[in-house]
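Please read these numbers as outputs of a predicted model, since none were measured by experiment.
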Amino acid sequence: RVVLAFSPVGDSFRSRLRMFPALANCCTIDWFGDWPSEALLSVGRQQLLHENLDLANLDSCVRLFQVVHQSVEVAARRVSATDRRPIYVTPRSFLELIDAFARTLRLRRAAVETPRGRL
């Protein structure tokens, strides 16, 4: 057995299917569905703990990320229905949201620490 994993986001997946039609014709495609709320909370909490951000309100941040991700999923379904063009919101999108938050927080903290250190 061979397992191939492709992200359905972007044109590269479509072009690979056009170049190699056997990927879709002779294979079983298992599309991963939405994560349940509990999974988003658990994974988000672990990811933020792993980032060592020293957040006093960690659980509130995780809940906020969960709500944002689920709101984007709903909006993507609505836009897909009206425009007839699929928009993919994957679990990776949730992890990228948390990573972007961590990077931005570190940058902002560094920007505040630099002038404060000069005082």
Problem set entry | Gap between atom OG of Ser15 and atom CZ of Phe20 - 0.5 Å precision | 9.5 Å
Exercise. Where do Ser93 and His69 come nearest, in terms of heavy atoms and distance?
Worked result: CB-CE1, 4.2 Å
Exercise. Arg85 and Ser80: which non-hydrogen atoms are nearest, and at how many Å?
Worked result: O-OG, 3.2 Å
For this session: Indicate, with yes or no, if Val89 and Val79 share a hydrophobic cluster defined by side-chain heavy-atom contacts under 4.5 Å among Ile, Leu, Val, Met, Phe, Trp and Tyr.
Result: no
Problem set entry | Neighbour count above 12 (heavy atom, 6.0 Å) for Asp83 CG | yes
Please report, to 0.1 Å, the donor-acceptor pairs under 3.5 Å made by any side chain of residues 43-52, with sequence neighbours excluded.
from  : atom 1 : to     : atom 2 : distance (Å)
Arg45 : NH1    : Asp59  : OD1    : 3.3
Gln47 : NE2    : Asp99  : OD1    : 3.3
Glu51 : OE1    : Arg106 : NH1    : 3.3
Glu51 : OE1    : Arg106 : NH2    : 2.9

For this session: Would you kindly confirm whether Val72 and Ile87 end up in one hydrophobic cluster when ILVMFWY residues are joined by side chain heavy atoms under 4.5 Å apart?
Result: no
Exercise. Looking at Trp35 and Leu40, what are the two nearest heavy atoms and their distance?
Worked result: CE3-CD2, 3.5 Å
Exercise. Within the distance-only criterion (no hydrogens, no angle test), does the side chain of Thr104 pair as donor or acceptor with the backbone N or O of Ala100 below 3.5 angstrom?
Worked result: yes
Exercise. Hey, any chance Val67 and Ile98 share a hydrophobic cluster, counting ILVMFWY side chains that come within less than 4.5 Å of each other, even indirectly?
Worked result: no
For this session: Answer whether the closest heavy-atom distance between the side chains of Phe101 and Leu55 falls below 4.5 Å.
Result: yes
